[in-house]
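Reviewing the structure listed below.
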Amino acid sequence: MTEKNGNFYLSTAIHYANAAPHVGHAYEAVLGDIIARYERSRGRDVFFVSGTDEHGEKNIRAAAKAGLSPEEFVGKNSAFFRDLYRELGLGEHAFIRTSDKEMHWPGAALLWKKIEAAGDLYKGVYKGLYCVGCESFKLPKELKDGKCPDHNTYPESIQEENYFFRLSRHRDKMKALLETGEIAIIPAFRKAEVLSFLEEGAEDISFSRYKGEIPWGVPVPNDDEHVMYVWCDALASYISALGFGRENEKKFEAFWPADIHLIGKDILRFHAVIWPAMLLSAGLPLPRSIMVHGMVLSGGHKMSKTIGNVIDPREYIARYGKDAFRYYLGREISPFEDGDFTGEKFIRAYNANLANGLGNFAARVIAMAEKYFGGKIGQSSEDVPLLSTTQTVLENHKTEWYSIPYVVEHITAPHYHGYFENREMHKAFDEAWSLLSLLDGYITDYEPFKLIKTNPEKTQAVIWNLLYGLFYVADFIAPLMPDTAETLKEHIGAKIGTDGVPESFEARPLSAPLFARIETKEGRAEK
RNA sequence: CGCGGGGUGGAGGAGUGGUACCUCGCAGGGCUCAUAACCCUGAGUCGCCGGUUCAAAUCCGGCCCCCGCAACCA
């Protein structure tokens, strides 16, 4: 197996390009970007990839409906995704399109050939319900009262010859790999779900479609009559993105296997069972972990146009900024459970934690530094310990007294990194806000705005501690809110000492509030 | 008996054996550096019934009610 030397490979799912992205897509991208930025800050070389799944009959039909060719149609939607990622402020990342003949097709073809060479492909008969009006197969759940909802006719039961993948052959091996954790499912409670899929049986799956019906796809190697069905087409993007199947591409050797495939719970089966089985068959290394996030609901319901609870990510980014939007997705929603996104909740969280919490704290500290000392705060020899009894952060640490640097180094940082290791990012960020709350308490402890009148030296030490704390708050939230972290650090003006921690500060006042309060009196809070 | 998640102060959520935590809201107090912000205090039979335990929101059994998934929809 390849030694990756600290290289880190993270993928989101590739998204079906039949419509513009919604908040769920934004959510997955932000989670991925948070992990990518964190791993980079830990010194890893990170390859982060997302993309669009562009083939399949649904796209052909949607394109026809829009009066466009499939190429034009998916090109448009794919561009929406790339635009969204830019608006979300994703850091360095790759973007793979399955219709890309140069980047993607060679990898998909090579994977197919390897699976075929392993003897895991055979021709069999695919049985399905076929709607003549749609000219396509229908799944039972797509039907209404047994009829095609578009044509109000009963579909015919017909058969066609397809290639099949011997998934059944890999069932036991897959079970073992999941049970031992060689392929880790994060969070662990999802593992039971996957194992129960395998218990129910992993039957061979249809792996191709007739080209006559669906010409829009990756051709099956050495067979003009078939195109690949979604499995080998879409899933192969995880390795084609690294250059698998292309010459002069070294990324595959450097980055594969994936450290994390980040996916939604709805597609867990394919990623935990079918994809590893395909790799197993092809003799390729298996992904190390599959991280499964929940769905973003709105008002407790799946978003739908009928209910009218669809959240448009671009609207929020445009109104409140990308960092505020990222904040909500990354901290207010657990990465593993379903989350709820409503305008009301967003505004509440924004006001409480960004305007009142972070923004206001930064403003008051920097203002005092500026007003009392012209912004220049040198290190003081005076100890100014915390006096407040805030226990949330201090539990289990029985020392005589706590200094801000002690809390940051021995309490906040270890907790923060511990949570990140488990990918509980929302909890990691909670630590930053706990620190913030403790720093607010510290101001109450010493009342520097009073102290300045009697003891300027001690006041300076207090402000030094506050700026020191704020510097680390900025550091901790950097993966979540990169722009805000940068702005904060600019205005804190820390001079870093030889041991890598801030020694003195040259604070510059903020020209405008970091996060202005959102006033809701006039009922502007939408549902 | 398909699989899974959930029912916690007025609202929304964290919390898987040992003084019940957070946000919003409400009541009272403090402070004035700051974005009417910040700090402190107050209020909860943890869906129902039974069991295990020195100890249960947390474990076990039963019941009631919500919600997802169930082969390509993040």
Side-chain angles (χ1 to χ4, degrees), chain A residues 12-16 18-19 21-29 31 50 53 56 58 139-142 167 189-190 192-194 196-197 199-200 202-203 205-206 229-231 233-235 262-270 273-274 292-297 300-304 332-334 336-340 342 344-345 347-349 351-372 388-392 426-427 430 433-434 437 439-445 447-452 459 463 466 510 512-520:
Chain A
T12 72
I14 56 170
H15 306 295
Y16 205 62
N18 64 342
H22 53 71
V23 70
H25 300 104
Y27 178 57
E28 188 169 293
L31 282 185
S50 185
D53 175 10
K58 274 191 195 165
L139 297 170
K141 69 175 178 185
E142 291 178 308
L167 183 60
F189 69 81
R190 296 277 178 208
E193 259 178 78
V194 179
S196 85
F197 300 159
E199 283 306 321
E200 285 167 26
E203 294 181 10
I205 52 171
S206 168
Y229 192 42
V230 64
W231 312 122
D233 180 341
L235 292 168
L262 177 62
I263 59 165
K265 66 177 186 182
D266 53 331
I267 53 174
L268 174 58
R269 274 188 190 206
F270 324 134
V273 178
I274 297 175
V292 190
H293 63 76
M295 302 285 125
V296 179
L297 309 176
H301 298 280
K302 202 166 177 170
M303 286 182 209
S304 87
E332 300 290 332
I333 294 177
S334 156
F336 306 130
E337 310 284 340
D338 287 353
D340 199 26
T342 64
E344 217 173 298
K345 285 185 173 180
I347 289 170
R348 204 177 298 156
N351 281 338
N353 301 307
L354 298 182
N356 301 350
L358 181 59
N360 179 61
F361 177 78
R364 63 197 302 217
V365 172
I366 291 172
M368 284 192 279
E370 169 68 15
K371 195 179 289 183
Y372 307 148
S388 55
T389 52
T390 307
Q391 289 304 312
T392 44
H426 62 316
K427 290 187 183 172
D430 283 348
W433 265 269
S434 295
S437 148
L439 292 167
D440 263 325
Y442 188 73
I443 295 180
T444 309
D445 285 348
E447 302 184 303
F449 39 86
K450 275 186 189 166
L451 193 65
I452 185 66
T459 306
I463 304 227
L466 290 168
L510 293 149
L514 221 41
F515 296 99
R517 279 182 67 84
I518 303 170
E519 299 303 336
T520 55

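All chains are named by letter (A, B, ...) in the order of the sequence lines, taking the proteins before the strands, and each is independently numbered beginning at 1. Computation of the quantities below employed the complete heavy-atom set of this structure, encompassing side-chain atoms and omitting hydrogens, waters and symmetry-equivalent molecules.
Distance check, rounded to the nearest 0.5 Å: CG of A:Asn353 to CG of A:Leu358 gives 9.0 Å. In this structure, CG on A:Leu451 lies 3.5 Å from OG1 on A:Thr459, to the nearest 0.5 angstrom. Taking OH of A:Tyr372 as the reference point, atom CD1 of A:Ile463 lies at 6.5 Å (rounded to 0.5 Å).
Ring geometry for A:His15 versus A:His25: interplanar angle over 60°, hence perpendicular rather than tilted (30 to 60°).
Across the interface with RNA chain B, nearest-nucleotide mapping of A:Ala355 and A:Gly264 shows A:Ala355 to be the residue nearer the 5′ end. If A:Ser334 and A:Lys371 are placed on RNA chain B by their nearest nucleotide, the residue sitting closer to the 5' end is A:Ser334.
Residue A:Ile14 comes nearest to A:Ser50 through the heavy atom pair CG2-C, 4.4 Å, listed as atom of the first residue, atom of the second, then distance. Residue A:Ile263 comes nearest to A:Leu268 through the heavy atom pair CD1-CA, 3.6 Å, listed as atom of the first residue, atom of the second, then distance. The shortest heavy-atom contact between A:Ala13 and A:Glu28 is N-OE2, 2.7 Å.
Between A:Lys450 atom NZ and B:rC31 atom C1' the separation is 6 Å, expressed in whole Å. In this structure, A:Leu358 places its CG atom 15 Å from P of B:rU23, rounding to the nearest Å. Distance, A:Met295 CE to B:rC73 C1': 9 Å, rounded to whole Å. When rounded to the nearest whole Å, the span between NE2 of A:His293 and P of B:rG5 equals 19 Å. Following rounding to the nearest Å, A:Arg269 (CZ) and B:rA70 (P) show an atom-to-atom distance of 8 Å. Between the CD atom of A:Glu332 and the P atom of B:rG12 there is a distance of 16 Å, rounded to whole Å. Atom C1' of nucleotide B:rG25 and atom CD1 of A:Ile347 are separated by 16 Å, given to the nearest angstrom. Residue A:Ile443 contributes atom CD1, which lies 10 Å from atom C1' of B:rC39 at whole-angstrom precision.
In a base pair of the Watson-Crick type (N1 to N3 plus N6-O4 or O6-N4) or a G-U wobble (N1-O2 and O6-N3), with each distance short of 3.5 Å, B:rA27 is matched with B:rU41. Remark: B:rC69 base-pairs with B:rG2. Criterion, Watson-Crick or G-U wobble with two distances under 3.5 Å. Pair assignment for B:rG50 gives B:rC60, based on Watson-Crick or G-U wobble hydrogen-bonding distances that are each under 3.5 Å. The partner of B:rC33 cannot be assigned: no Watson-Crick or G-U wobble pair with both contacts below 3.5 Å exists in any strand. Base pairing of B:rU16: no nucleotide in any strand meets the Watson-Crick or G-U wobble criterion (both distances under 3.5 Å).
In this structure, A:Asn360 reaches the bases: a heavy-atom distance under 4.0 Å links it to at least one base atom across the strands shown. Within 4.0 Å of A:Ile267, counting heavy atoms only, lie sugar-phosphate atoms of the nucleic acid but no base atom. A:Phe515 comes within contact range of at least one nucleobase, with a heavy-atom separation under 4.0 Å. Counting any heavy atom pair closer than 4.0 Å across all strands shown, A:Glu447 reaches sugar-phosphate atoms only and no base atom. Nucleic acid contact class of A:Leu514 (heavy atoms, under 4.0 Å, all strands): base.
For A:Phe449, the side-chain atoms get nearest to B:rU32 when compared with the rest of B:rU32, B:rC38, B:rG15. Proximity note for A:Ala367 (side chain, C-beta onward) versus B:rA74, B:rC33, B:rC38: the nearest is B:rC33. Taking every side-chain heavy atom of A:Trp231 into account, B:rA71 is the closest of B:rC39, B:rA71, B:rC73. Residue A:Lys345 has its side chain nearest to B:rG12 when only B:rA71, B:rG12, B:rC38 are considered. When the nucleotides B:rG15, B:rA74, B:rC39 are ranked by their closest atom to the side chain of A:Asp440, B:rC39 comes out on top. Closest to the A:Ala352 side chain, of the nucleotides B:rA74, B:rC24, B:rA71, is B:rC24.
Residue A:His15 places no side-chain N or O under 4.0 Å from the OP1 or OP2 atom of B:rA74. OP1 and OP2 of B:rC69 both lie 4.0 Å or more from every side-chain N or O belonging to A:Lys265.
Remark: the separation of the C1' atoms in B:rU8 and B:rU58 is 12 Å, to the nearest Å. Between the C1' atoms of B:rA14 and B:rC22, the separation comes to 7 Å (whole Å). If you take atom P in B:rC26 and the same atom in B:rA11, they sit 15 Å apart, rounded to whole Å. A distance of about 7 Å separates the C1' atoms of B:rC64 and B:rC48, rounded to the whole Å. Rounded to the nearest Å, the gap between the P atom of B:rG47 and that of B:rG7 is 7 Å. Only the C1' atoms considered, B:rG9 is 12 Å distant from B:rC21, to the nearest whole Å. Straight-line distance between the C1' atoms of B:rG51 and B:rG15: roughly 24 Å, to the nearest whole Å. Taking the P atom of each, B:rC67 and B:rG30 are spaced 48 Å apart, rounded to whole Å.
Below the 3.5 angstrom threshold, one finds no donor paired with an acceptor across the side chain of A:Arg348 and the base of B:rC24.
Annotation: A:Tyr27 is in aromatic contact with A:His293 [ring centroid separation under 6.0 Å].
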